[in-house]
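Beneath this line is the structure, given in structure tokens, with notes to follow.
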Amino acid sequence: MNPVLQSEINNLIQNSDYETLDHFCRESIPMVVAESLSVFPPEEILKVISRQEPALMARIFCDLPVDVQLNVAGKMDNSALVLLVTWMDPDDRVDFLKDLPGDRVGPIMRSLAKAEREDIRLLSSYEEGTAGSVMTSDYVALKASLTVKEATSRIRLEAPDKESIYYSYIIDDNRTLLGFISLKNIIMANPKDLLSQVMHDNIVSVGVNEDKHEAARIISRYDLIAVPVVDEENRIVGIITHDDAVDIIEEEHSDDLDMIAGLTNIDDDTSYLKTSVWSNYRSRVIWLALMVFMGLISGAVIQKFSDALSRMMILTVYIPMLGGTGGNSGSQASAVVIRALGTGSITIKNFFAVIWKEFRVSLLLAVTLGILTFVRVYFFSGSQIFPPGINIVTVSVTIGLALAIQVITATILGGILPMIASVFKIDPAVVASPALSSIVDITGLLIYFNLARLILGI
């Protein structure tokens, strides 16, 4: 947020210069207005937006953060809320009512027009996370029997009330999706042609119960402005627009970053400074507690081989290097596989192909890093005193070989775990969290000490 603009708006509010504020609301992008007003008390926000035309008020309101929306709504009476909800886009309306306290939803629903109530009930009926839960019913549907001229008149009539008019969806009498036509194609077509003659029938659609992330990926992959959502009988029930797809993708990326960082229960709609200390504590403590438990296992492994470490202190020096290298190689592999799963370039059917590829990659990495480790130990630790029968060569071989095997196992684990997670419908990003590093630490220590016992005889 521009601090200069923020200061100007603050001055306007302090001086009750609502005429200038009205001009700012009308001439600015609704998102800019919402960002500018979101830092002010809900009473002040309501004073400013309630002076605007209902359609503009609804657009500004829907761009406010969810917690600010609820605070502003708390200052509104039911009649004002009904007007606001009426002018919202269908998908925004449903999202808002889901967050609104239950004791306020009932009176609002009873005051809405029957068509709007039915639309809300329909959009609310779909399971969270599905394409149906994020679609909008604001789309243009035209009968295939219409002429291009008739379709143009229909679009012109419906345009003011629709969220997107660039694509019109062609249906039959049963609302079965037959195809689509773009606004550009309609303008260029012969006015006397039937839509059935000029429409595109190779249409891409998503099922109403499909995952919303798949819908977003389809919009991105095919470079669409919107994708139609159909039911089991291929009847169109809504569309998902490109702006909703962007929100879905951003949400997915944010969730993945939270998982990678080991965070849970993060509310993306609440800013960092407005999130309570207790909420931040709860989002972090679970994974950290789990890491403490995993650390105890690592400690138990080290304690089991404490006698070997006391005889060969040089082994202790290289424990962090093995753990860090294994963790990094595993994280790299999991990141590559998670991205491939996310883009749809691989599925669980490619399980063995993924493992085979990661094994070959890990083998090359293992040889390279193992040789580097051997050189590092041999030339920089040769002054150490070793027990009888042990020399710097055997120690260097042991540590270099342990690191090589660690890289192979960590890389394969990093490739396997996201695939397994996807089978059980678990977010693959979970395996890229600190849990993977802890698992790799434990396996690495077991490899390291058992190899030392086998080669060095300690």
Side-chain angles (χ1 to χ4, degrees), residues 256-257 259-262 291 294 297-298 301-302 305 314-343 345-348 350-382 392-422 428-456:
D256 286 349
L257 288 173
M259 289 295 186
I260 290 170
M291 293 308 100
M294 300 291 277
I297 299 176
S298 299
V301 174
I302 294 175
F305 292 93
I314 189 174
L315 296 179
T316 307
V317 174
Y318 291 99
I319 289 177
M321 183 184 72
L322 265 72
T325 304
N328 288 335
S329 58
S331 296
Q332 286 180 343
S334 67
V336 171
V337 173
I338 288 170
R339 183 181 183 279
L341 287 169
T343 58
S345 61
I346 63 171
T347 65
I348 190 59
N350 306 115
F351 182 87
F352 292 107
V354 170
I355 302 310
W356 173 234
K357 181 173 183 178
E358 288 302 318
F359 172 73
R360 286 178 292 164
V361 172
S362 68
L363 202 58
L364 294 173
L365 291 172
V367 171
T368 303
L369 298 177
I371 292 173
L372 290 176
T373 302
F374 174 88
V375 172
R376 164 69 177 84
V377 177
Y378 183 82
F379 286 103
F380 292 93
S381 301
I392 187 60
V393 175
T394 55
V395 171
S396 300
V397 168
T398 300
I399 297 175
L401 186 58
L403 184 134
I405 297 174
Q406 165 78 322
V407 167
I408 293 172
T409 56
T411 302
I412 292 175
L413 276 172
I416 287 176
L417 292 179
M419 304 285 284
I420 294 175
S422 66
V430 171
V431 304
S433 69
L436 176 61
S437 295
S438 296
I439 293 171
V440 168
D441 281 344
I442 295 170
T443 57
L445 288 171
L446 291 171
I447 291 168
Y448 188 40
F449 290 125
N450 282 292
L451 201 59
R453 184 170 58 182
L454 180 66
I455 297 176
L456 302 177

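For the side-chain contact (heavy atoms from CB on, under 4.5 Å) test with P418, the passing option among V337, V354, I346 is V337; the others fail. Tested against Y448, the residues V301, L315, T443, I302 include a single side-chain contact (heavy atoms from CB on, under 4.5 Å) partner, L315. Between V395 and the options V393, I399, V397, a side-chain contact (heavy atoms from CB on, under 4.5 Å) holds for only I399.
Across all their heavy atoms, N450 and L446 have their closest contact at ND2-O, 2.7 Å. Looking at every heavy atom in both residues, L451 comes nearest to T398 through CD2-O, 3.8 Å. Among all heavy-atom pairs drawn from A333 and E358, the shortest one is CB-OE1, 3.6 Å. Smallest separation of non-hydrogen atoms from V407 and A366: CG1-N, 4.1 Å.
Note that CD1 of I392 is 8.5 Å distant from CZ of F374, once rounded to the nearest 0.5 Å. One distance of note links CE of M321 with CD1 of I319; it measures 11.0 Å at 0.5 Å rounding. Rounding to the nearest 0.5 angstrom, the gap separating the CZ atom in F359 from the CG atom in L364 is 10.0 Å. Considering OG of S334 and CG of L417, their distance stands at 8.5 Å, rounded to 0.5 Å. To the nearest 0.5 Å, the span separating CD1 on I447 from CG on L403 amounts to 10.0 Å. Rounded to the nearest 0.5 angstrom, I338 CD1 and S422 OG are separated by 10.0 Å.
Put simply, the side chain of F380 does not reach to within 4.5 Å of the side chain of V375, judged on heavy atoms. Here the side chains of I455 and L401 are in contact, with some heavy-atom distance below 4.5 Å.
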Working for side-chain contact (heavy atoms from CB on, under 4.5 Å), residues R376 and S381: CA-CA 8 Å; R376 164 69 177 84; S381 301; 4.1 Å; yes
Test side-chain contact (heavy atoms from CB on, under 4.5 Å) applied to I416 and F351, step by step: CA-CA 8 Å; I416 287 176; F351 182 87; 4.2 Å; yes
Decide side-chain contact (heavy atoms from CB on, under 4.5 Å) for T373 and T325; before the verdict, give the C-alpha distance in whole Å, the side-chain angles of both, and the deciding distance to 0.1 Å. CA-CA 11 Å; T373 302; T325 304; over 6 Å; no
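A distance-only check finds a donor-acceptor pair linking the side chain of N350 to the backbone of T347 [under 3.5 Å]. Not a single donor-acceptor pair under 3.5 Å links the side chain of S331 to the backbone N or O of N328. In this structure a side-chain-to-backbone donor-acceptor pair under 3.5 Å is missing from T411 to I408.
Around the CZ atom of R339, the shell of radius 6.0 Å holds no more than 12 heavy atoms that belong to other residues, nucleotides or ligands.
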